[in-house]
Amino acid sequence: VHHTHAKDEL
Amino acid sequence: MNVFRLAGDLTHLLSLVVLLLKIVATKSCRGVSAKTQELYAIVFVTRYLDLLFSFVSLYNSVMKVVFLGSAFSIVYFMRYHKVVRHTYDRELDTFRSSFLVAGSMVLALLINSKYTFFEVLWTFSIYLEAVAILPQLVMLQRTGNIDNLTGNYVFLLGMYRGLYILNWIYRYSTERRYWQMIVWVSGIIQTALYADFFYYYLKCWNENRTLVIP
């Protein structure tokens, strides 16, 4: 299962 | 953090330094699209709202503040500075950027990974960033001879997007559970928009002449 998005990028 | 991501962020930072340098040193924003700069300001505000409630790293937070600050500084210079604002080529900057904002908002409401206020705004910022360069690219075509700093600014922005794609490939192949389809598709479209510009930039650079986009 994947995370949707980590939001650790700019 | 990997080398592609770091290089991408630093290239992004450098592009903003180059643009601010052009504006401050030459007291001119000739050839620069205020519409693109305003779109970037909207992108950064809607994406970095998470500064208020989520912390990833000091690096991330500092970069977010720097990107926000530089975007608003550029818009300030172009719209309000007593000398610089007179150098803005209003008649060459005619792209209807409100369509880009509206289209990105509709798409964000339709395609997002969670239907919440902050998630939709974040998704909107991803879609809007993908197309925010369009007014600038159209303006370059109309400008004729493009000065070095403006050409380098757009080139560095395109490089930054290309490096982010390498970062995603690297992360996908090294991290488990790393998946962000909305960001990837938008990012690939965004990078593709630079293809034409890159072609002429490298061609003119190779022939050692002033950049002109036919």
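Since the structure is predicted, the reported quantities are computational estimates derived from the model, not experimental observations. Note on naming: letters A, B, ... go to the chains in the order of the sequence lines (proteins, then strands), and numbering restarts at 1 for each one.
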(request) Please identify each residue that fulfils side-chain hydrogen bond (donor to acceptor under 3.5 Å, both in side chains) with Thr94(B), with sequence neighbours left out. (result) Arg142(B)
(request) Could you tell me whether a side-chain N or O of Tyr164(B) sits under 3.5 Å from a main-chain N or O of Leu10(A), the two making a donor and an acceptor? (result) yes
(request) State whether the number of non-hydrogen atoms from other residues, nucleotides or ligands found under 6.0 Å of Arg96(B) atom CZ is greater than 12. (result) no
(message) Taking atom CZ as the centre, does Phe95(B) end up with more than 12 heavy-atom neighbours from other residues, nucleotides or ligands that are less than 6.0 angstrom away?
(response) yes
(request) Answer with side chain, backbone, both or neither: which region of Asp9(B) has an atom nearer than 4.5 Å to a non-hydrogen atom of chain A? (result) side chain
(request) Examine whether an atom of Phe55(B) lies under 4.5 Å from a heavy atom of chain A, and if so say whether it belongs to the side chain, the backbone or both; otherwise answer neither. (result) neither
(request) Identify which part of Trp184(B) has an atom lying under 4.5 Å from any heavy atom of chain A, answering side chain, backbone, both or neither. (result) neither
(request) Answer yes or no: does atom CZ of Phe53(B) have more than 12 heavy-atom neighbours from other residues, nucleotides or ligands under 6.0 Å? (result) yes
(request) Heavy-atom distances under 4.5 Å only: say whether Tyr48(B) touches chain A with side chain, backbone, both or neither. (result) side chain
(message) Between Arg171(B) and Asp8(A) (salt bridge meaning N to carboxylate O under 4.0 Å), is one present in this structure?
(response) yes
(message) What I'd like to find out is whether the side chain of Glu9(A) reaches to under 4.5 Å of the side chain of Asn167(B), using heavy atoms alone.
(response) yes
(message) Using only non-hydrogen atoms and a strict under-4.5 angstrom cutoff, which residues of residues 124-139 of chain B touch chain A?
(response) none
(request) Pick whichever of Lys64(B), Arg5(B), Met63(B), Met1(B) has the most heavy-atom pairs under 4.5 Å with chain A. (result) Arg5(B)
(request) Might you point out which heavy atoms bring Val56(B) and Lys7(A) nearest each other, and give the distance in Å? (result) CG2-O, 3.9 Å
